[in-house]
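Worksheet: the structure to be examined is printed underneath.
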Amino acid sequence: MTKALDEIKIGGLGSSRKRVEDNRFIRGKGNYTDDIVLPGMLHMEILRSPLAHARIKSIDTSRAWDIPGVHLVLTGEMMATRNLAWMPTLSYDTQAVLATDKVRFQGQEVACVVADDPYIAKDACEAIQVEYEPLPVIVNPQQATADGAPVIRDDKENQPDNVIYNWEVGDKDGTERAFAQADKISTLSLHYPRSHPSPIECCGSIADFNRATSKLTVYMTTQAPHIIRAAVALVAELPEHMIRIISPDIGGGFGNKVPVYPGYVCSILASILLERPVKWIEDKTGNLISTGFARDVYLEGELALRNDGKILAMRMHTDADHGAFFSDAQPSKFKIGLMHSTFACYDVPVAHLTARGTYSNKAPGGVAYRCSFRVTEAMFFQERMMQQAAYDLGLDQAEFRRVNLVRDDDFPHRTPFGFLTDSGQYAKCLDVGLEAIGYQDFLRQKEEARARGRRLGIGISTMTEPLGAGNSREYDILGIKMFDSAELRVHLTGKAIVRTGARGQGQGHETTWAQIVSHELGLPADDIVVEEGDTDTAPFGMGTYASRSTPVAGAAVAMAARKVRAKARRLAAHLLEVSEEDVEWELGRFYVRSAPDHGVTIQECAMAAYSNMPDGMEPGLEASAYYDPPNLTWPFACYIVTVEVDPDTGVWDVLNVVAVDDCGVRINPMIVEGQIMGGLTEAYAMSNMQFITFDAEGNCVGSNYMDYLLPTAWETPGFELHEVVTPCPHHPIGAKGVGECAAVGGPAAYVNAVMDAIQDTGVRNIDMPVLPDRVWEALTFRRDVSGAPPVRSDG
Ligand code: MCN
Ligand code: CUM
């Protein structure tokens, strides 16, 4: 008779345990950076450039210094004396901390004031007089590469133009040969607009330099505290052990809190100079105008097709607008992130991708916003292209996908760009989705409605995405290999603490990491606390982004727990007075193989580790593990959306949304569903209500929540969720990442649905956000609608 514990009851794997962090969040007891008040703390505000491109002729700070309560006014010139006017970016470029020579985007940091309170600091910023000489402005790659375009980065040697890189991958000649064999070639070009993560909590930091101890402590809103510590050590030339980065509760990150921002650097220098804590908290417009933008890529591509629907080859080109500095946080080897994961779920024999990056007079951006390094753009283009190709072939869009999806018996599958996808049941996910939405019925309804002048549409998006960088062979950031770690310490009464180098921002790590330990050791999840975000206590890790926490840090938690279990087994053998080989494990308990009733609990082993260990055994029960994943994890998803478009106004309403996600084994099904609903909500917002762009002068249009709308419960549609489980073959507990899937795959489903409703017009593309006026324009003038900047100023 087994005495194993009921895993769901103790909160182990598969338990929809309530999120422990919500205990404090829903009571208003979270501890965010802005909640922290230190003795003697001063406040910093940033003066930003009103112009997108201008030479700085002079900066006069004298009136700011004269304001009572002002302690410090920092300019680029002062930063330069400490070699801090510029900082290196995560993509081997440089970025201005405070502008010295020129401003290169609207909202760029020009000066900082540190004062007794933020209001004095803000007033003093306004008292700073800056004389600008305006320069011609560039807001898209076409302008950036035009003859005679002004060179934005004239600060750099060997930068004669605005091109940052040209990059390519795949088999050019083979692709050309395959295109020559095609029955049909289908093409598509589109712009994935800038979008902004816009977490409710903006960015911020409190730097606290203590001259007596030489220790610098920085509380900050970062998703990757250890990377920041390394950056501070290298940039500010401070000894690493004297730097402590603490990332307290984070009010949403969504990628916005991965980059290193000038405000962090300025608050650190100010604290060193003043020897007092200095707090900087960004305001909403500052956040929307200057930090971690995403996307802004122009994608064009084509599929070589056989009449029966088989894809023979894929070719694609990307123009990426990086803004004024190339500061993408991404693995060093890949200039355009993991864009080449595109079409990974389809059996495409050969493909070729080219990418070009350019500078513009816009805030630096690129990767951030629920993206795993450009996969959002990659999957959006893929799924828009798949729908268009089905139309061009005259095939059913679901069937066309099915014909090309990688088959279940074809894993691991090598993609044309060299990735190895690990596992999946793609066709099954599609079937579950089609069944749930009532596909055939809907097609009939659509036809009937059309006969009565109504326009219904259905959009499908199927995709796999690479989550969990890296393996260290291929993935590094600035030379630091991408792996992660965990430490598990079991106390004598069988309670425990887990620490990882990841840093959750709302994903529920405090809940789910405990569940992994619970699964491995049989300790109740409620007996385990999880701590992340303090570099003095957490083991080294690359941070939380690219949905890498479960694939990497989560795996490290399992491996650390297994080491603890191995030691506990030796303790059990000692307590049971048998040899280790005779000891069996079941959840929560070791027992003697020949006498199953004779056993000890994991808690009894923990006590023995401190009170009754065998001779020669090192006391204590703890372990750490560094986990270098053998591969990325490849979750799959099928999102299906139905809409009705009003032909008179272009307004469209969502009728139904079905999501089928396969993220391998689910640690906490409720949290996974929360992640998927959040992603579908963001996808909905990106597809039709989040408009942030630039006019011809480089003014950022939409840098506030009146224009850049956040979806509320009112307009967000309901979602019907389904699951398929294909365990990840290389992850210790079979889990794959999921945090970004719905935000990555979702947008194409919404846009495809609208395009399907107007397919008979011959319109091939409407850029996001698919606003009603764009749909109306497409319907009325039967033409594609581009959303690329500059926006028209004639309204
Ligand atoms: N999970 C699970 N079973 C799985 C996979 C995941 O139970 N098979 C759980 C995890 O344990 C974790 C959550 O789901 O609690 C998300 O896990 P994972 O997919 O590993 O993603 P990360 O924890 O690395 O989160 C990063 C991802 C990214 S990159 C962005 S951007 C994003 C996202 O998460 N930002 C978010 N979701 C967010 N959710 C909130 N609330 N806030 C953000 O800022
Ligand atoms: Cu690119 S947004 Mo998330 O990977 O932090």
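These numbers were taken from a predicted model, which means no experiment stands behind them. Here, residue 1 is the first one in the sequence, and each next residue gets the next number. Remember, it's 1-based here, ligands and their atoms both numbered in the order they're listed. Only this structure's heavy atoms are used, side chains among them; waters, hydrogens and symmetry mates stay out.
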State whether the shortest distance between N or O atoms of [X] and N or O atoms of ligand 1 falls below 3.5 angstrom.
| X | result |
| --- | --- |
| Ala546 | no |
| Trp513 | no |
| Thr544 | no |
| Val665 | yes |
| Val738 | yes |
| Phe254 | yes |
| Gly506 | yes |
| Thr550 | yes |
| Gly253 | yes |
| Ile667 | yes |

Which ligand 2 atoms, with their elements, are less than 4.0 angstrom from a heavy-atom of [X]?
| X | result |
| --- | --- |
| Cys371 | 1 (Cu), 2 (S) |
| Tyr545 | 3 (Mo), 4 (O), 5 (O) |
| Tyr369 | 1 (Cu), 2 (S) |

For [X] and ligand 1, answer yes if some heavy atom of the residue is under 4.0 Å from a ligand atom, otherwise no.
| X | answer |
| --- | --- |
| Gly678 | no |
| Gly554 | no |
| Tyr369 | no |

Starting from [atom], which protein heavy atom do you reach first, and at what distance in Å?
| atom | result |
| --- | --- |
| atom 23 (O) of ligand 1 | His509 NE2, 2.6 Å |
| atom 30 (C) of ligand 1 | Arg370 CG, 3.6 Å |
| atom 21 (O) of ligand 1 | Ser547 CA, 3.5 Å |
| atom 39 (N) of ligand 1 | Gln675 NE2, 3.3 Å |
| atom 1 (N) of ligand 1 | Val672 CG2, 3.8 Å |
| atom 11 (O) of ligand 1 | Thr512 OG1, 2.8 Å |
| atom 24 (O) of ligand 1 | Ser549 OG, 2.7 Å |
| atom 4 (O) of ligand 2 | Ala546 N, 2.5 Å |
| atom 7 (O) of ligand 1 | Asn668 N, 3.0 Å |
| atom 2 (S) of ligand 2 | Arg370 N, 2.8 Å |
| atom 5 (O) of ligand 2 | Gln223 NE2, 2.9 Å |
| atom 3 (Mo) of ligand 2 | Glu740 OE2, 3.1 Å |

**Q.** Of Gln675, Gln515, Glu673, the residue whose pairing with Asn668 passes side-chain hydrogen bond (donor to acceptor under 3.5 Å, both in side chains)
**A.** Gln515

Near [X], which atoms of ligand 1 are under 4.0 Å from a heavy atom of that residue?
| X | answer |
| --- | --- |
| Pro551 | 20 (O) |
| Gly737 | 19 (O) |
| Ala735 | 8 (N) |
| Lys736 | 4 (C), 5 (C), 8 (N) |
| Tyr545 | 29 (S) |
| Ile671 | 9 (C), 13 (C), 14 (O), 15 (O) |
| Gly255 | 31 (S) |
| Arg548 | 24 (O) |

Ion pair [X]/[Y], N-O distance below 4.0 Å:
| X | Y | value |
| --- | --- | --- |
| Asp321 | Lys362 | yes |
| Arg374 | Asp328 | yes |
| Arg499 | Asp534 | no |
| Asp249 | Arg24 | yes |
| Glu510 | Arg19 | no |

Q. Atom OG in Ser332, atom CE in Met482: separation rounded to 0.5 Å?
A. 9.0 Å

Q | Gap separating the CG atom of Asp662 from the NZ atom of Lys736, nearest 0.5 angstrom | A | 5.5 Å

Q) How are the rings of Tyr545 and Phe373 set to each other: parallel, tilted or perpendicular (split at 30° and 60°)? A) perpendicular

Under 3.5 Å, is there a donor-acceptor pair between the [X] and [Y] side chains?
| X | Y | result |
| --- | --- | --- |
| Thr33 | Thr221 | no |
| Asn287 | Asn256 | yes |
| Gln95 | Thr89 | no |
| Thr726 | Gln425 | yes |
| Tyr705 | Lys284 | yes |

Q | Sub-4.5 Å side-chain heavy-atom contact between Arg17 and Thr511 | A | yes

Q) Is it the side chain, the backbone, both or neither of Phe373 that has a heavy atom closer than 4.0 Å to ligand 2? A) neither

Q: Kindly indicate, with the supporting measurements, whether the criterion ring pair (Phe, Tyr, Trp, His ring centres under 6.0 Å) is fulfilled by His196 and Phe254.
A: CA-CA 9 Å; His196 199 283; Phe254 304 105; over 10 Å; no

Q. Judged by atom type as modelled, is there a donor-acceptor pair below 3.5 Å linking the side chain of Thr222 to the main-chain atoms of Ile228?
A. no

Q) Should Tyr639 and Phe719 be marked as a ring pair (Phe, Tyr, Trp, His ring centres under 6.0 Å) after you check the CA-CA gap, both sets of side-chain angles, and the distance that decides it? A) CA-CA 10 Å; Tyr639 304 118; Phe719 310 121; 9.6 Å; no

Q | Reference residue Tyr165; test ring pair (Phe, Tyr, Trp, His ring centres under 6.0 Å); the match among Tyr92, Phe326, Phe334 | A | Phe326

Q. Run the ring pair (Phe, Tyr, Trp, His ring centres under 6.0 Å) check on Phe483 and Tyr475 step by step: do they pass?
A. CA-CA 9 Å; Phe483 52 80; Tyr475 299 94; over 10 Å; no

**Q.** Shortest reach to atom 16 (C) of ligand 1 by a heavy atom, considering only Glu682, Arg666, Gln507, Glu740
**A.** Gln507

